[in-house]
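Each remark here refers to the structure printed beneath this line.
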Amino acid sequence: MKVIRVENYEQVSENAAELVLREWQANRKIVLGLATGATPVGFYRQLIERHREEQLDFSQITTFNLDEYYPIARNHQQSFYMFMQEHFFRHVTIDPARIHILSGEAADVEAECSSFEHRIAATGGIDVQILGIGQNGHIGFNEPGTPFRSITHKVILTDNTIQANAHFFAEAAEVPRHALTMGIETIMRSKKIVLLASGKAKAKAVQQALHGSVTEEVPASVLQNHPDVTFILDREAAAIIGGESPYAPTGDSCWIEDNRR
Ligand code: F6R
């Protein structure tokens with residue numbers, strides 16, 4: 001696994017955008033796996049800025065989002081569909097037909113999940129998957145205990161997750177009780193994985209993901225088994241991973257620590 005250590009959130013976002021744009025320059029038809037939540041907002045902001053400044057045309061890329069609440073109306077203010085519109089899609093040239101987000105309105109959940117898997121496979125697979133990480137090590141909505149062999153599926157949200165998300169809704173009772181999410185195996189099939197983390201609340205999960213035992217109790221620890229993973233961490237998120245590597249300046253010239261064992 002590679003670790004890019006930077007100073008702060010802004011630099012996490014800049015480095016993530018730089019990495020993805022480099023991949024996109026090599027392949028304009030790149031298939032991107034995208035995340036929601038607080039962490040990738042700065043990354044999307046960077047992509048939007050670069051798109052405006054350099055007139056980048058993203059119309060050939062295909063995207064698959066990690067997850068969506070269930071049930072939830074597509075146009076609900078808190079749906080991940082709306083999040084993506086607001087933070088990224090509506091600001092760039094992107095082909096709506098190439099955007100794939102699990103439907104929180106699907107009547108047949110199994111059919112929706114299996115169609116999502118088929119659509120990923122039909123594109124040739126995800127080239128670069130962006131991930132955040134939960135404080136308990138979750139990736140996507142795959143909470144501790146999720147089998148590593150899982151593919152796209154419906155999950156019951158834990159009370160913790162419901163409480164953590166409650167402030168986005170009028171009241172906790174409004175938070176959907178379920179979600180649809182790529183499974184761990186779906187994520188692991190991506191050719192390249194880039195995990196972003198910022199802030200001290202993520203330090204323990206990052207340490208366990210990088211250096212802890214590979215266990216279903218820490219979903220992100222599975223990434224140790226993937227051949228091409230990059231963690232981009234700010235000083236606080238990297239606080240307890242050890243190592244002496246200097247902090248990277250922004251941009252291309254990042255210090256890269258190779259901790260593969
Ligand atoms: C988002 C997702 C989640 C988040 C994680 C971190 O699509 O699947 O796994 O990446 O909960 O969330 P933030 O970035 O809000 O701390």
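Every number for a ligand or one of its atoms is a count from 1 in the order of the listing.
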Salt-bridge criterion met for Arg90 and Glu86 (N-O under 4.0 Å):
no
Indicate whether the side chain of Arg119 and that of Thr123 have a donor and an acceptor atom separated by less than 3.5 Å.
no
Ignoring hydrogens and angles, state whether a donor on the side chain of Ser59 or Asp57 is under 3.5 Å from an acceptor on the partner side chain.
yes
Under 30°, 30 to 60°, or over 60°: which ring-plane class applies to Phe141 and Tyr69, parallel, tilted or perpendicular?
tilted
Measure from every N or O atom of ligand 1 to the protein's N or O atoms and keep only the pairs below 3.5 Å, writing each with atom names and distance to 0.1 Å.
| from | atom 1 | to | atom 2 | distance (Å) |
| --- | --- | --- | --- | --- |
| ligand 1 | 7 (O) | Thr36 | N | 2.9 |
| ligand 1 | 7 (O) | Thr36 | OG1 | 2.9 |
| ligand 1 | 7 (O) | Asp67 | OD1 | 2.8 |
| ligand 1 | 8 (O) | Asp67 | OD2 | 2.5 |
| ligand 1 | 8 (O) | Gly140 | O | 3.4 |
| ligand 1 | 9 (O) | Gly140 | N | 3.3 |
| ligand 1 | 9 (O) | Gly140 | O | 2.8 |
| ligand 1 | 11 (O) | His138 | NE2 | 2.7 |
| ligand 1 | 14 (O) | Ala38 | N | 3.3 |
| ligand 1 | 14 (O) | Thr39 | N | 2.9 |
| ligand 1 | 14 (O) | Thr39 | OG1 | 2.4 |
| ligand 1 | 15 (O) | Ala38 | N | 2.8 |
| ligand 1 | 16 (O) | Lys202 | NZ | 2.6 |

Kindly check if the number of other-residue, nucleotide or ligand heavy atoms within 6.0 Å of CD1 (Ile240) is above 12?
yes
Are side-chain N/O atoms of Ser103 and Glu68 paired as donor and acceptor at under 3.5 Å?
no
